[in-house]
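Just so we're clear, the structure is a prediction, and the values are computed from it rather than from any experiment. Every chain is numbered from 1, with letters handed out A, B, ... down the list of sequences. As a basis for the values below, the full set of heavy atoms in this structure was taken, side chains included, without hydrogen atoms, waters or symmetry mates.
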2 protein chains.
Amino acid sequence: MRIGELAAEAGVSVRALRYYEEQGLLSSERSAGGQRRYPRDAVEWVRLIQRLYAAGLSSRTIVELMPCVVDGRASPELLDRLAAERDRIDERITDLTDTRHRLDSVITGATTNMLTGWSCQPEDGDEEGDRDGQAQEGRKQPQG
Amino acid sequence: MRIGELAAEAGVSVRALRYYEEQGLLSSERSAGGQRRYPRDAVEWVRLIQRLYAAGLSSRTIVELMPCVVDGRASPELLDRLAAERDRIDERITDLTDTRHRLDSVITGATTNMLTGWSCQPEDGDEEGDRDGQAQEGRKQPQG
DNA sequence: CTAGAACCTGACGTTGACGTCAGAGGCAAG
DNA sequence: CTTGCCTCTGACGTCAACGTCAGGTTCTAG
């Protein structure tokens, strides 16, 4: 398949694919005229690259881990790196989960406040009557 | 407390704190000479900012959601945005979890391969005898 | 054979969250 | 008052993962 088709099917831009190749993440055959040709399963591979990017890995890291992912071959060194990345992802997950819960409690708190009812009008900077000083926990740092 | 102390306790750089203020994320009193002074709980606030960054929120987004987080006050509009961000985080979490499992299976696969034993020498590009063509699933795209 | 869509290689532009440097000023100790 | 560390305000630099534009070539439908 050609680059445009691969881009469409994998959901990335043509530019991105050329960038991946430039970084050594993706290979291609060339037609007689010099155009890139990809096998079908390149789609899956590109999607995996995207996932790894989303997981916070850099191009360089992905390149280093590639032989392991592609062939299942790894030096002990590589295995350490892989495990390290996995652990990093774990950290991100727990962190995200925690943040998610914070956001959730903020949402429920604000919703409760809304339902308990006071006026919420945007586009109005100053209200002198700022009594009713409750806000569940401790308030933090507004703008100064 | 002064900016250096806050930076140290919150685990960020002084530059970052000034940047947060520039973005409207953080406020400060000023001393007579113009130096920034922060209350104790600014540490917690800065840490929260970091968490939100790590969760993929931009400065602008955080600024927009601030009144809700700080005061527990929100317009329905704001609540929608909050919920949207929470859902986005959920997506990231499931995505990360999936990626984590992929990495894990890659690790176990490679470990098995290692223990089943073939030589893994870096710094050696060509080995003709590349038989034993097993690698758990389908192999993807090596370099060309 | 020809039009036009898709592709090619550079090469510079963008964005966000800071890093870094310069030159000047504040602040606590001695 | 001086020393030395901390802080200030600009302002330019950085890095990754692309976006975008220019100028030229290849491929395919008719």
How long is the span from the OG1 atom in A:T97 to the CG atom in B:D90, to the nearest 0.5 Å? 8.5 Å
Any side-chain N or O of B:R36 under 4.0 Å from OP1/OP2 of D:dT9? yes
Counting only side-chain N and O atoms of A:S59, is one of them less than 4.0 Å from OP1 or OP2 of D:dA16? no
Walking DNA chain D from its 5' end, the first of A:S31 and A:S13 to be reached, judged by nearest nucleotide, is A:S13
A:L17 vs A:R2, nearer the 5' end of DNA chain D by closest nucleotide: A:L17
Nearest-angstrom distance from the residue atom [atom1] of [X] to [atom2] of [N]:
X: A:M1; N: D:dC27; atom1: CE; atom2: P; answer: 17 Å
X: A:L6; N: C:dA6; atom1: CG; atom2: P; answer: 15 Å
X: B:L26; N: C:dA17; atom1: CG; atom2: P; answer: 15 Å
X: B:I62; N: C:dG16; atom1: CD1; atom2: P; answer: 13 Å
X: A:Q35; N: C:dT9; atom1: CD; atom2: C1'; answer: 13 Å
X: B:E5; N: D:dC5; atom1: CD; atom2: C1'; answer: 15 Å
X: A:Q23; N: D:dA16; atom1: CD; atom2: P; answer: 8 Å
X: A:Y53; N: D:dA16; atom1: OH; atom2: C1'; answer: 8 Å

Under the criterion salt bridge (charged side-chain N to carboxylate O under 4.0 Å, His left out), which of B:R36, B:R37, B:R40 is the partner of B:E5? B:R40
Let me spell it out: for each of A:E21 and B:R60, pick the nucleotide of DNA chain C with the closest heavy atom. Which residue's pick is nearer the 5' end? A:E21
I want to verify a distance call: between [options], whose nearest atom is closest to the [X] side chain?
X: B:Y19; options: C:dG16, D:dC8, D:dC27; result: C:dG16
X: B:Y20; options: C:dC7, D:dC8, C:dC18; result: C:dC18
X: B:I3; options: D:dC8, C:dC8, C:dC18; result: D:dC8

Does atom CD (B:E22) have a neighbourhood of more than 12 heavy atoms from anything else shown, all under 6.0 Å? yes
Across the strands shown, which category fits B:R18 at heavy-atom distances under 4.0 angstrom: base, sugar-phosphate, nothing? base
Base, sugar-phosphate, or nothing: which does A:R30 touch, judged by heavy atoms less than 4.0 Å apart? sugar-phosphate
State whether the distance check finds a donor on one side and an acceptor on the other, under 3.5 Å, for side chain A:R15 versus base D:dT20. yes
No-hydrogen, no-angle side-chain donor-acceptor test under 3.5 Å, A:Y53 and A:S59: yes
Stepwise side chain to side chain contact (heavy atoms under 4.5 Å, CB included) test for B:R81 and B:T61: CA-CA 9 Å; B:R81 298 241 355 181; B:T61 303; 3.2 Å; yes
